[in-house]
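All of these numbers come straight from a predicted model, not from anything done at the bench.
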Amino acid sequence: MAYLGEEIKKLGFGLMRLPLKDGVIDVEETKDMVDAFMEAGFTYFDTAWAYAGSEDAIRQALVERYPREKFQLATKNAAWINCKTREEAVAQFDTSLKQTGAGYFDFYLLHNLGEGRTRYFDDFDMWSWIQEKKAQGLIRHIGFSFHSTPEELDAILNAHPEMEFVQLQINYADWENPAVQSRACYEVARKHGKPVIIMEPVKGGMLATPPESVEKILKDAEPQSSAASWAIRFAADLEGVITVLSGMSSLDQMKDNLSYMKDFHGLNDTEKEVLKKAQEEMTRIPLIPCTTCNYCAKVCPKDIGISGSFTAMNYLTLYGNMDMAKSQEQWLVGGHGRKQATECVKCGKCEEVCPQHIKIRENLETVAEKLLK
């Protein structure tokens, strides 16, 4: 099905995690991946100004090797990264044009809206700027990527109905996750009639190796299929989806994705039931039951990033991935200007206001012991 007048297959090539060789992007393997992707009939490539080396690599691997009309290229503007003026923010666009050599962008996104980041796009009036670039023919379709609450997404779409699409983090693990609210954000986009591009369908690779009990459900149903394939198919089956981005890092990952997406026509009832069981099993794994309401943050005298600490701890419990859990803690706590769990003075004010009756002090101790040593 075509969206925004574009015929795009349901798998997109996310260019954030390209293969590395000696610490830099391996352009030759990237070329092989691009060739396999294009030969299978797929055409959507997603990069960003903020993805170090990615725009330059895709110029060499794709733009200089294929006719421009044979593919769609998307990139993004991150006005909240070291930009103090509108001029600095819009300069990212010229840099992206130069680095990709693409001439124009089929899809251009205001990058990672939500929380304190949205105000940069408002302050610099990037909304009118992006429409000007579209009018000039340098952008074909305008939209934004988003990481925050459904309420904030609704407010942005009410304020900016000119946006043509939204890019959202959606996967079966986050579908009902109170910290991410994938389903609720998806439903807001659909309420506004906006088609969706899906990012993080495999949750940064974590659903390629899900919890053992979840993986057993998937393997029992289809021994020959990868766990990652289930995650991508879940996302691709949703209505109103332009494409599902997979951040592939090797030719083997590319071949796996192509094997089940080349002729994808949706999930059957049996497959949907398997994924439902996998989601139910996820909910049985004992996690800190934080809903990120952040009432605790409002009363904490030390301004500790409590909900971010708990989200990071839940990552460790679910996936056993210490590096990813620590990265989440750094972003959700320090990256949001909050103090770490080690700063807790155990005053108990947080527990007095927590609707979930979480033993916050005890759990912050666990975070400090397991993630911050």
Side-chain angles (χ1 to χ4, degrees), residues 4 14-16 45-56 58-59 72-169 185 188-189 192-197 199-200 242 245 305 308 330-338:
L4 306 179
L15 305 170
M16 186 169 71
F45 296 82
D46 172 269
T47 184
W49 171 87
Y51 300 167
S54 177
E55 290 184 331
D56 184 67
I58 206 60
R59 184 192 76 251
Q72 294 90 12
L73 183 61
T75 195
K76 313 178 189 76
N77 183 292
W80 44 273
I81 298 182
N82 299 326
C83 292
K84 295 180 176 63
T85 66
R86 189 178 201 250
E87 289 70 29
E88 288 177 338
V90 302
Q92 292 183 18
F93 181 80
D94 295 325
T95 299
S96 292
L97 276 179
K98 181 179 179 181
Q99 290 183 155
T100 62
Y104 65 92
F105 296 110
D106 302 273
F107 290 74
Y108 195 80
L109 298 85
L110 303 182
H111 189 190
N112 196 7
L113 272 68
E115 302 169 330
R117 300 176 298 279
T118 305
R119 70 176 176 85
Y120 290 90
F121 299 97
D122 293 339
D123 292 348
F124 299 149
D125 193 18
M126 300 298 286
W127 306 101
S128 63
W129 170 83
I130 198 173
Q131 292 179 78
E132 291 167 8
K133 291 299 177 185
K134 182 183 177 185
Q136 293 168 11
L138 294 173
I139 300 171
R140 294 183 63 184
H141 304 292
I142 57 176
F144 61 92
S145 62
F146 180 82
H147 287 276
S148 192
T149 65
E151 292 79 14
E152 189 174 357
L153 178 59
D154 191 48
I156 292 172
L157 288 173
N158 279 326
H160 298 286
E162 72 276 8
M163 292 293 104
E164 297 176 90
F165 66 96
V166 181
Q167 187 160 303
L168 298 174
Q169 177 176 324
C185 287
V188 167
H192 284 270
K194 305 299 180 185
V196 173
I197 293 171
M199 58 182 162
E200 302 293 355
I242 297 173
L245 302 175
Q330 290 165 6
W331 164 242
L332 294 172
V333 179
H336 285 65
R338 304 287 188 177

Flag, side chain of Asn77 to backbone of Val90, donor-acceptor distance under 3.5 Å | no
Dump the intermediate steps for side chain to side chain contact (heavy atoms under 4.5 Å, CB included) on Gln167 and Leu245, then the final yes or no.
-> CA-CA 10 Å; Gln167 187 160 303; Leu245 302 175; 3.6 Å; yes
Give me the ring orientation class for His160 and Trp127: parallel if the planes are under 30° apart, tilted from 30 to 60°, perpendicular past 60°.
-> parallel
Within 6.0 Å of CG in Asn158, more than 12 heavy atoms from elsewhere | yes
Shortest non-hydrogen pair, Ile81 vs Gln92, comes out as O-NE2, 4.3 Å
Side-chain heavy atoms of Met199 within contact of Asp46, under 4.5 Å | no
Roughly how far, to the nearest 0.5 Å, is the CG atom of Leu4 from the CD1 atom of Ile242?
-> 4.5 Å
Which value, rounded to the nearest 0.5 Å, describes the distance between Ile130 atom CD1 and Ile142 atom CD1?
-> 5.0 Å
Between the side chain of Arg86 and the main-chain N/O of Phe124, is any donor-acceptor distance below 3.5 Å?
-> yes
When every non-hydrogen atom of Ala78 is compared with those of Cys83, the smallest separation belongs to O-SG, 4.4 Å
From CA spacing to verdict: side chain to side chain contact (heavy atoms under 4.5 Å, CB included), Trp129, Asp125 = CA-CA 7 Å; Trp129 170 83; Asp125 193 18; over 6 Å; no
Side chains of Tyr51 and Lys76, donor plus acceptor under 3.5 Å = yes
Dump the intermediate steps for side chain to side chain contact (heavy atoms under 4.5 Å, CB included) on Thr75 and Thr100, then the final yes or no.
-> CA-CA 9 Å; Thr75 195; Thr100 62; 5.5 Å; no
Using atom types as modelled and distance alone, determine if a side-chain donor or acceptor of Glu152 lies under 3.5 Å from a backbone N or O of Glu115.
-> yes
No-hydrogen, no-angle side-chain donor-acceptor test under 3.5 Å, Thr47 and Glu55 | no
Does the side chain of Leu109 come within less than 4.5 Å of Phe165's, by heavy atoms?
-> yes
Under 3.5 Å donor-acceptor, Trp80 side chain and His111 backbone = yes
Which pair of non-hydrogen atoms, one from Asn112 and one from His147, has the smallest distance, and what is that distance?
-> OD1-CD2, 3.1 Å
Decide yes or no on side chain to side chain contact (heavy atoms under 4.5 Å, CB included) for Tyr108 and Lys133, but give the supporting numbers first.
-> CA-CA 10 Å; Tyr108 195 80; Lys133 291 299 177 185; over 6 Å; no
For Val196 against Ala189, the heavy-atom pair lying closest together = CG2-CB, 3.7 Å
What class does the angle between the rings of His336 and Trp331 fall in, given that below 30° is parallel, 30 to 60° is tilted and above 60° is perpendicular?
-> perpendicular
What residues form a side-chain contact (heavy atoms from CB on, under 4.5 Å) with Lys194, not counting sequence neighbours?
-> Leu157, Val166, His192
With sequence neighbours excluded, residues passing salt bridge (charged side-chain N to carboxylate O under 4.0 Å, His left out) with Asp106 | Arg68, Arg140
Specify whether Phe144 and Phe146 have parallel, tilted or perpendicular ring planes, treating 30° as the upper limit for parallel and 60° as the lower limit for perpendicular.
-> perpendicular
Closest contact, heavy atoms only, Cys185 versus Ser148 = SG-O, 3.6 Å
How far apart are the closest heavy atoms of Gly308 and Leu332, and which atoms are they?
-> CA-CB, 3.7 Å
